[in-house]
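Before any comments, here is the structure.
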Amino acid sequence: MTVTHRRDTPSTQDDTIGHDTIGRKDPKKAAMSGWIGSALEYYDFALYSLAATLLFPTIFFPTENPTVGIIASLATYAVGYVSRPLGAVVLGAYGDRHGRKKVLVFAMLLMGFATFAVGLLPTYGQVGLLAPVLLVILRLIQGFAVAGELGGASAMIVEHSPDARRGFFASFSLQGTQVGSILATAVLIPLAALLPDDQFHSWGWRLPFLLSAVVILAGYIIRRRVQEPPAYLAQPEAPSTKRRFPLADLLRTHPWVLVRCVAMTFTNVIGMATLIFGVSFATQKSYGNGFSSSEFLWVTMAANVAAVVTIPLFGALSDRIGRRTLMVAGGIAGGLLTFVYLWAIEQGSLPLIFVCVVIVQGILFQMWNATFATFFQEQFPMRMRVTGFAVSQNIGLMIASFFPSLFTAMAPPGSANIPLVIGLTTLGICLVSALATLLSSDTKGKTLEDLEVR
């Protein structure tokens with residue numbers, strides 16, 4: 001179904017409460033829709049990430065070699081990112097050609113279905129190899145679905161926002177992703193603390209996944225009411241058959257922008273090292289650091305709560321000083337201090353771990369995370385904005401998602417100097433991302449019309 005583009009004048013629109021306005025910017029409503037939608041969808045995605053480090057090695061990948069079980073489970077976590085580039089191409093094109101609203105509703109419903117199905121899966125002990133195969137298939141569906149979420153949500157917000165406050169309003173979709181992670185952790189914490197280990201591993205872990213049925217309903221109710229941005233509706237009308245496919249247009253006109261955005265996305269290595277590999281390093285018995293799953297659920301919770309507070313602050317700051325300064329400073333500093341966080345785990349100091357994870361993940365990484373969505377959206381013109389963002393982000397995340405498995409292979413249980421090895425590797429990757437950021441022009445203060453000629 002093709003969207004009919006209109007050039008409605010804002011002054012002619014009805015502004016009555018309860019009516020949807022067309023052709024009028026509504027940044028608050030767009031930001032709220034992005035916040036709620038991202039929170040619900042990333043609840044699903046974060047839930048799997050936590051389970052992959054804490055539960056799935058023994059439930060779906062039992063093996064006598066603990067290193068193999070950890071790597072296999074983390075690899076299924078990464079598989080969700082393998083399908084993200086495909087989802088980015090398909091859903092990005094749908095969002096650019098048929099509307100931001102439609103792609104957001106579809107992505108959330110698909111994510112809710114896949115996560116609910118994970119909660120119904122049989123274990124390895126019940127059906128053997130079929131269990132991890134089904135797990136991988138559902139993780140692929142999750143990755144496909146989430147690829148359209150942040151690109152569509154942030155495009156919707158950026159195009160609704162006043163030029164001087166794009167960073168602030170767009171940061172709320174990123175804040176929503178952190179809230180989703182908090183919800184996932186908050187559901188797992190009481191289950192892990194109150195249930196005996198055998199019950200938690202046999203049936204207790206399924207309950208948070210089954211709660212995703214709520215996402216299916218909430219996604220439809222919330223996102224079917226949001227309106228397309230007026231700038232999108234005001235594009236010159238053109239039949240879909242005459243428009244160049246967004247990916248082809250992207251590769252022809254903005255190839256180096258795409259490459260730079262992919263490289264910038266590697267800054268996510270900070271989260272991979274702290275909240276994915278770091279959790280495994282702390283809790284898996286084979287590493288010998290002796291922390292419980294419950295303790296590190298609280299560590300993850302602390303990082304995400306700090307992020308919820310700092311994201312809108314950094315988003316607003318990016319409107320004043322520009323995106324690049326925050327992205328470069330946060331990425332390099334976060335990469336550098338990852339070593340200290342892993343060292344704190346090795347020292348067995350839980351208070352020091354909390355301090356380090358708040359600084360590294362809750363503050364420094366959020367300097368990058370709060371601003372990258374706006375910066376990426378500003379790199380591409382409207383006709384390919386969702387595709388450009390989604391393809392670059394998800395190719396970068398697909399590559400970055402294998403870092404935890406690579407870290408485990410580089411520093412397996414029993415090896416020496418694990419914090420130093422992983423810390424230096426993380427810093428090196430962050431320096432590559434910082435260089436890509438510096439090679440990109442800042443877009444602070446530019447209007448949407450200015451961005452169209454890039």
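Keep in mind it's a predicted model, so treat the numbers as computed, not measured. Numbers for residues simply follow the sequence, beginning at 1.
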Item to check | Chi angles and distances behind the side chain to side chain contact (heavy atoms under 4.5 Å, CB included) call for N394, F389 | outcome: CA-CA 8 Å; N394 287 293; F389 178 98; over 6 Å; no
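- Applying the side chain to side chain contact (heavy atoms under 4.5 Å, CB included) test to A344 and every residue at least two apart in sequence or in another chain returns L352, I353, C356.
- Counting heavy atoms from C-beta outward, F277 and M272 have side chains that stay 4.5 Å or more apart.
- Under a 3.5 Å cut-off, the side chain of S433 and the backbone N or O of T267 do form a donor-acceptor pair.
- In this structure, A170 and T374 approach most closely via the heavy-atom pair CB-OG1, 3.2 Å.
- A donor-acceptor pair is defined here as one N or O able to donate and one able to accept, closer than 3.5 Å; no such pair exists between the side chain of N268 and the backbone of A400.
- Using a 4.5 Å heavy-atom threshold, the side chains of F380 and T387 count as separate.
- In terms of the ring-ring contact (aromatic ring centres under 6.0 Å, His included) criterion, F266 has no residue partners (sequence neighbours excluded).
- Residues R166 and D319 are not paired through a salt bridge, judged by the lack of any N-O separation under 4.0 Å between the basic side chain and the carboxylate.
- A heavy-atom distance below 4.5 Å is not found between the side chains of M32 and K28.
- A search for salt bridge (charged side-chain N to carboxylate O under 4.0 Å, His left out) contacts involving R84 returns nothing, not counting sequence neighbours.
- The minimum heavy-atom distance linking L195 with G204 is given by the pair CD1-CA, 3.7 Å.
- Side chain of Q379 to main chain of F375: a donor-acceptor pair is present (N/O by atom type, distance under 3.5 Å, no hydrogens or angles).
- The OG atom of S392 lies 11.5 Å from the NE2 atom of H254; values are rounded to the nearest 0.5 Å.
- Of the possible polar contacts, none joining the Q393 side chain to the A390 backbone as a donor-acceptor pair under 3.5 Å is found.
- Counting only heavy atoms from C-beta outward, the side chains of I270 and C430 approach each other to under 4.5 Å.
- In this structure, the side chain of Y43 engages the main chain of P208 through a donor-acceptor pair within 3.5 Å.
- Between the side chains of R323 and S318, at least one donor-acceptor pair of N or O atoms lies under 3.5 Å.
- Put simply, the side chain of T265 never gets that close to the backbone of G396: no donor and acceptor are under 3.5 Å apart.
- For the atom pair CG of L191 and CD of Q199, the computed distance is 11.0 Å after rounding to the nearest 0.5 Å.
- One finds the CZ atom of F402 at 12.0 Å from the CG atom of L397 (value rounded to the nearest 0.5 Å).
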Next on the checklist: side chain to side chain contact (heavy atoms under 4.5 Å, CB included) for L138 and I141? Distances and angles first, verdict last.
Outcome noted: CA-CA 5 Å; L138 291 174; I141 295 173; 4.3 Å; yes
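- Under the 4.5 Å side-chain criterion, counting only non-hydrogen atoms from C-beta, F372 is not in contact with L326.
- Listed by first and then second residue, the ring pair (Phe, Tyr, Trp, His ring centres under 6.0 Å) pairs that reach into residues 170-193 are F168-F172, sequence neighbours excluded.
- Here the closest non-hydrogen pair linking A302 and V358 is O-CG2, 4.2 Å.
- Under a 3.5 Å cut-off, the side chain of D96 and the backbone N or O of V386 do form a donor-acceptor pair.
- For the residue pair T274 / Q361, a side-chain donor-acceptor distance below 3.5 Å is found, with atom types taken as modelled.
- Here the side chain of T115 pairs no donor or acceptor atom with the backbone of G112 at under 3.5 angstrom.
- Closest approach of L342 to G278, counting heavy atoms only: CD2-CA, 4.1 Å.
- Counting only heavy atoms from C-beta outward, the side chains of V355 and Y341 never approach each other to under 4.5 Å.
- Under the side chain to side chain contact (heavy atoms under 4.5 Å, CB included) criterion, V103 pairs with L91, Y94, not counting sequence neighbours.
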Checklist entry - Step by step, would you call F281 with F407 a side chain to side chain contact (heavy atoms under 4.5 Å, CB included)? => result CA-CA 10 Å; F281 180 53; F407 291 161; over 6 Å; no
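- Counting heavy atoms from C-beta on, the side chains of Q284 and P413 never come closer than 4.5 Å.
- Of all non-hydrogen atoms in G87 and A147, the two that sit nearest each other are C-CB, 3.7 Å.
- Put simply, CD on Q178 and CG on L183 are 11.5 Å apart, with the number rounded to the nearest 0.5 Å.
- Note that the CG atom of L109 and the CE atom of M111 stand 11.5 Å from one another [nearest 0.5 Å].
- For T185, the side chain to side chain contact (heavy atoms under 4.5 Å, CB included) partners two or more places apart in sequence, or in a different chain, are L50, I189, L297, T300, M301, N304.
- Between the CD1 atom of I276 and the OG atom of S405 there is a distance of 10.5 Å, given to the nearest 0.5 Å.
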Item to check | Residue pair E159, R385: steps toward the side chain to side chain contact (heavy atoms under 4.5 Å, CB included) verdict | outcome: CA-CA 10 Å; E159 291 166 4; R385 182 162 289 142; 2.9 Å; yes
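- Between the side chain of S161 and the backbone N or O of F169 there is no donor-acceptor pair closer than 3.5 Å.
- For the pair F376/S154, no side-chain contact is recorded, criterion being any heavy-atom separation below 4.5 Å from C-beta on.
- Using bins of under 30°, 30° to 60° and over 60° for the plane-to-plane angle, the ring pair F209/W205 lands in the perpendicular bin.
- The number of heavy atoms from other shown groups lying within 6.0 Å of CZ (F113) does not exceed 12.
- The closest donor-acceptor contact from the side chain of T371 to the backbone of G167 lies at 3.5 Å or more, if one exists at all.
- The minimum heavy-atom distance between L174 and T177, with the atom names listed, is O-OG1, 2.5 Å.
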